[in-house]
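Reading through the structure tokens given below for one structure.
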Amino acid sequence: MVQKIFKTNAELKDWLSKQNSAIIFIPTMGGLHPGHQYLIKKAKERKTKKNQIILVSIFVNPLQFGKDEDFKKYPRNISKDAKLAFIAGADAIWAPDYVEVFPGGEHSHFKIQVPKTLQNQLCGKKRPGHFDGVATVIIRLIKIIKPEKLILGEKDWQQLIIIRRLFQELSLPIKIESYSTKRDQSGFAYSSRNSYLSDSERLNAQSLPNAIKEAKTEFDKKKVINLIKIASILKKNNLKTEYLKIVDPFSLKETKNLNGLCLLAAAVKCGSTRLIDHTFLMQRKPIIAIDGPAGAGKSTVTKAFAKRLGFIYLDTGAMYRAVTWLILSNSIDPSDQSKIKNRLKDLKLEFKNSNFIEQTIFINDIDVTEKIRSPKVTSMVSEISKQQFVRELLTQKQQVIGNNGGLVAEGRDIGTAVFPDADVKIFLTASPTERAKRRALDLNNRGYEFSSIEDLEQEIKERDKKDSERKIAPLKKAQDAVELVTDGMNIEDVLEELIYIFRSKIPEEVWPTPNP
């Protein structure tokens, strides 16, 4: 594809109409550096369709600069920026002037007003109207080019959160992907404004990322943060602290609760240059809970999800099936709690020969991986699962496995009973008709006979009823879970949605996506 630079909307739109392509859009204000190039390279790596093109905009937006800020001296060098963008993998550059973005001037167009709960935190507190300008221009830009996907950096975290909320509230069908802060060899975050720093100022400014990195290391070891110590280091290096806070990364409000994901954020003045930096704090690695009724395809997509993102896969359903198989193979009455408890007293249940995805399940040293998928086990697993001792025993085993996080678990009570503090909760479901079709296909593939799809659908409805009405850990959607209905979706479609939901909760900086 020939690399192009467009300055007018008409030229850009004419070219795009001939490409018949989906647009991956990376908005910038120019002053491109390796951080921008990193976003472009990631966008190129993660293309999911052949007809996608990467479009980078360069527009210095006057609406997001305050009265005494650096609008006039902000770096502007289109030829240099275009060269860097094309080297990184951009297909086209869009460098409109003010009139192209705001024909008739800014007062001829609607302006977006960011909610005060988001606007008055962190950077917004000292820069009134800044994020209104950001939100307004992003809506103008996407209205003109209509992208399929938007790529943003996590360095400007508050901006990212505001744009995500904006798209959500306006129901814009545009995916937002974000990537972690890119740093130089010394750990200094790339920024267009770094060019303002003198050599001596750069030396002082280096103390900002150094202090934050040191604080993160101390937190990972001792689970404590000393803001006074950080502030002292910054002051000693002639940096004027604008804010230094620990906040909830989504509400942006200050918090003292360090149990979940937190953001340690700072803004300083080094001479006349304003710099920001942050790091994320987390007590353990992320846990993802995927719940939903039987036959919704949880196991298949959860395995693929775990593999794609490098998580341990925990098939809790297989654990319940294994116990069910053990009880049935010992001819124990499923309602005889005393005998069940006695048989499971010294239960040995483990996954072996595992690459974290394709797991072989053993119960009392017997490989039951295929045995537990029989129709007989399937028909009885709900009855066994509702036994209090069974649920308590397996819940305890699952929680032990999840102590350090770094796993994705699927079942029917993961987000409500097993991991109520999971960082991401998804309720994966499908209609009984859809699930019956999938069950029939699975049985055929495994060589099992069944009467009809209609009978399978009735069995699924009955099992749903049993699971949702059981007294202990009933099947239900966790209050903070995202529901995903998968009717009409293939595995890759569902996987992409799961990853998108995950990334809206867990930044790349916290859990980087492994290289393919």
State which residues pass side chain to side chain contact (heavy atoms under 4.5 Å, CB included) with [X]; sequence neighbours excluded, sorted by chain then number.
{"X": "Lys125", "result": "none"}
{"X": "Ala88", "result": "Gln37, Ile40, Lys41"}
{"X": "Ala82", "result": "Ile5, Phe86, Ile93"}
{"X": "Val99", "result": "Asp97"}

Applying ring pair (Phe, Tyr, Trp, His ring centres under 6.0 Å), name anything that partners Phe280, two or more places apart in sequence or on another chain.
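Trp157, His278.
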Apply ring pair (Phe, Tyr, Trp, His ring centres under 6.0 Å) to Phe305 and list each qualifying residue two or more places apart in sequence or on a separate chain.
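Checked Phe305 against ring pair (Phe, Tyr, Trp, His ring centres under 6.0 Å); matches are Phe502.
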Any Lys/Arg nitrogen of [X] or [Y] sitting under 4.0 Å from an Asp/Glu carboxylate oxygen of the other?
{"X": "Glu177", "Y": "Arg503", "result": "no"}
{"X": "Arg127", "Y": "Asp156", "result": "no"}
{"X": "Lys155", "Y": "Glu509", "result": "no"}

Which residue pairs pass the side chain to side chain donor-acceptor pair (under 3.5 Å) test with at least one member in residues 213-228, sequence neighbours excluded?
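Applying side chain to side chain donor-acceptor pair (under 3.5 Å) to every pair that reaches into residues 213-228, excluding sequence neighbours, yields Glu214-Lys229.
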Which pairs pass ring pair (Phe, Tyr, Trp, His ring centres under 6.0 Å) with one or both residues in residues 164-202, sequence neighbours excluded?
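Every pair satisfying ring pair (Phe, Tyr, Trp, His ring centres under 6.0 Å) with a residue in residues 164-202: His33-Tyr190.
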Listing request: all ring pair (Phe, Tyr, Trp, His ring centres under 6.0 Å) pairs with a residue in residues 41-84, at least two apart in sequence or in separate chains.
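Residue pairs with at least one partner in residues 41-84: Phe65-Phe71, Phe65-Tyr74.
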Could you tell me which residues satisfy side chain to side chain donor-acceptor pair (under 3.5 Å) with Gln206, sequence neighbours excluded, listed by chain and number?
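Gln206: side chain to side chain donor-acceptor pair (under 3.5 Å) contacts with Ser186, Asn210.
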Quick one: list whatever passes side chain to side chain donor-acceptor pair (under 3.5 Å) with Asp423, sequence neighbours left out.
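Expected list: Arg284.
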In residues 249-260, what donor-acceptor pairs under 3.5 Å come from side-chain atoms, sequence neighbours left out?
unit_1 : atom_1 : unit_2 : atom_2 : d
Ser251 : OG     : Asp248 : OD1    : 3.4
Ser251 : OG     : Lys253 : N      : 3.2
Thr255 : OG1    : Asn257 : N      : 3.0
Asn257 : OD1    : Asn259 : N      : 3.1
Asn257 : OD1    : Asn259 : ND2    : 3.1

